[in-house]
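One structure is given here, and the rest of the page talks about it.
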Protein chains: 2
Amino acid sequence: MRLTTKGRFAVTAMMDLALRGDEGPVALAGVSERQRISLSYLEQLFGKLRRFKLVDSVRGPGGGYCIARPLSMVTVADIIRAVDEPLDATQCGGRENCIDEHRCMTHELWSTLNAKMYDYLSSVSLADLVARQQEKEASLGAATVLEDRRIGPHPRPRNTRDKAAVAL
Amino acid sequence: MRLTTKGRFAVTAMMDLALRGDEGPVALAGVSERQRISLSYLEQLFGKLRRFKLVDSVRGPGGGYCIARPLSMVTVADIIRAVDEPLDATQCGGRENCIDEHRCMTHELWSTLNAKMYDYLSSVSLADLVARQQEKEASLGAATVLEDRRIGPHPRPRNTRDKAAVAL
DNA sequence: ATATAGTTGACCGTAACAGTAGGTTATTTG
DNA sequence: CAAATAACCTACTGTTACGGTCAACTATAT
């Protein structure tokens, strides 16, 4: 399991979707500006997330992405696996540094570590992250963090019931 | 905490040292052949390990490296920290993707993961790995894994009491 | 004196990451 | 229908780190 900003970006973007998922599809342009992530880069990441069935896409005006399952069924491990393709680059995949047919002396060490990381990231779902985030916002009394930062007129399409940009 | 083959190589090499540490300094040339790791690469790694005081070096014929502390006082985390310099590249170090002065929504997620990885790797010492390895060898009845694979004549210097190449 | 072996620094090819740019296709709205 | 929107796709860039090589140097033991 590899850990890079790629995976972090993906989790952050999925969080953004989760927090405003009930307003219909979320456009990447919005995610890009709120989370300060390059739009084209997001498009690449969401291409992968879509191929892994973690999100559904809606094309055309008012379109965007929706999370494809209940938030409690999407774990951080799922997201990272989707974008950071080679899941277990951490281990010598049988060959490579493993001597002869014996497993290398440290083989178990790495596979155990891998499992521990995977266990943790699998234990955290988007629902958990959303709950944690809302808790934080409530205690701060501030809705600023997730405000819409778009500069232009960019009128929200359709479902903008302007339920306040705050939360779920 | 980054995980790469660099760290794996370093741990493997330290294991090699640990397993024959009582025969005096261990030359990198031997480690290189036994563990199939490029000598020059090992030299780089051990330069770092030495600067982090994890090993002591002895120059000249019969020289090599010794582990600088009791095996139980050297953890895998120590080794990885020494060679994979930027310890916590996993987190946004305060800036970078963290929005405004607020910590980004996923900040805690990553720092918790980091702590979990660190906890595990800190809980495993070279003494543990050595014990595990000897157990494995005993049950296999095979001493082949750690045999000296040098091809040339390369006579062992000094302390070669030929205590059998097997173990501690 | 000579061979050994650690020490240092420069260098190289590859691959992955992070990001950019341009285009195409589908869908909604006026 | 036409125009705007936004997903989709491909190719390309610049940077970084990894994995590894090479050559020169210094200290030490025989």
Side-chain angles (χ1 to χ4, degrees), chain A residues 2-10 12-13 17 24-33 36-51 55-66 80 83-86 89-90 92 96-97 150 152-160, chain B residues 2-10 12-13 17 24-33 35-51 55-66 83-86 89-90 92 96-97 150 152-160:
Chain A
R2 198 169 8 170
L3 292 178
T4 148
T5 60
K6 208 167 172 176
R8 282 214 301 282
F9 282 169
T12 302
L17 255 67
V26 179
L28 290 191
V31 179
S32 168
E33 299 202 356
R36 311 277 172 178
I37 303 172
S38 147
L39 174 59
S40 304
Y41 201 32
L42 276 177
E43 285 174 344
Q44 290 177 43
L45 297 181
F46 273 79
K48 293 182 178 180
L49 293 171
R50 190 175 55 88
R51 282 188 281 278
V55 294
D56 291 323
S57 63
V58 180
R59 301 175 78 149
Y65 287 92
C66 306
I80 291 185
V83 298
D84 266 342
E85 346 210 350
T90 317
C92 42
E96 180 110 271
N97 194 29
R150 285 187 275 193
H154 277 285
R156 274 283 198 67
R158 227 184 9 155
N159 279 334
T160 308
Chain B
R2 198 166 9 168
L3 292 176
T4 151
T5 60
K6 210 165 169 178
R8 285 213 299 282
F9 283 168
T12 301
L17 255 67
V26 179
L28 289 191
V31 178
S32 168
E33 298 200 359
Q35 308 300 335
R36 311 276 173 182
I37 304 172
S38 147
L39 174 58
S40 304
Y41 202 31
L42 277 177
E43 286 172 343
Q44 288 176 42
L45 298 181
F46 273 80
K48 293 180 179 181
L49 292 172
R50 190 176 55 88
R51 281 188 282 278
V55 294
D56 291 323
S57 62
V58 180
R59 301 176 79 149
Y65 287 92
C66 305
V83 298
D84 267 341
E85 345 208 350
T90 319
C92 42
E96 180 111 87
N97 192 29
R150 286 188 273 194
H154 277 284
R156 276 283 200 64
R158 226 186 7 157
N159 280 332
T160 308

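In what follows, chains carry the letters A, B, and so on, assigned in the order in which the sequence lines appear, proteins first and then strands, with residues in each chain numbered from 1. Treat the numbers as computed from the prediction; the structure is a model and nothing was measured.
For the pair Leu39(B) CG and dT7(C) P, the interatomic distance rounds to 12 Å; values are reported in whole Å. The CD1 atom of Ile37(A) sits 12 Å away from the P atom of dT20(C) (whole-angstrom rounding). Distance Glu43(A) CD to dA21(C) P: 13 Å, rounded to the nearest Å. Taking atom CZ on Arg8(B) and atom P on dC18(D), their separation rounds to 13 Å, with Å as the unit. Counting to the nearest Å, the P atom of dA15(C) and the CG atom of Asp84(A) are 18 Å from each other. One atom, CG of Leu17(A), and another, P of dA7(D), lie 10 Å apart when rounded to the nearest Å.
In plain terms, the two heavy atoms of Leu45(B) and Lys6(B) that are nearest each other are CD2-CG, 3.7 Å.
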Tabulate atom names and distances for all N/O pairs under 3.5 angstrom spanning the protein and nucleotides 24-27 of chain D.
{"residue": "dT26(D)", "atom": "O2", "partner": "Arg59(B)", "partner atom": "NH2", "Å": "2.6"}

Pairs under 3.5 Å (N/O, protein and nucleotides 10-14 of chain C):
none

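In this structure, Phe46(A) reaches neither bases nor backbone, as no heavy-atom distance under 4.0 Å exists between it and the strands shown. At a threshold of 4.0 angstrom between heavy atoms, the contacts of Ser57(B) are confined to the sugar-phosphate backbone, with no base atom among them.
Taking Leu42(B) as the reference, Ala13(B), Leu28(B), Val31(B), Ser32(B), Ile37(B), Phe46(B) meet the side-chain contact (heavy atoms from CB on, under 4.5 Å) condition, with sequence neighbours excluded.
Put simply, Arg50(A) has no side-chain N or O that comes within less than 4.0 Å of OP1 or OP2 on dA7(D). Neither OP1 nor OP2 of dC22(D) sits under 4.0 Å from any side-chain N or O of Tyr41(B). The phosphate of dA16(C) has neither OP1 nor OP2 within less than 4.0 Å of any side-chain N or O from Thr4(A).
Here dA7(D) is the nucleotide among dT21(D), dA7(D), dG20(D) with the atom lying nearest to any side-chain atom of Leu28(A).
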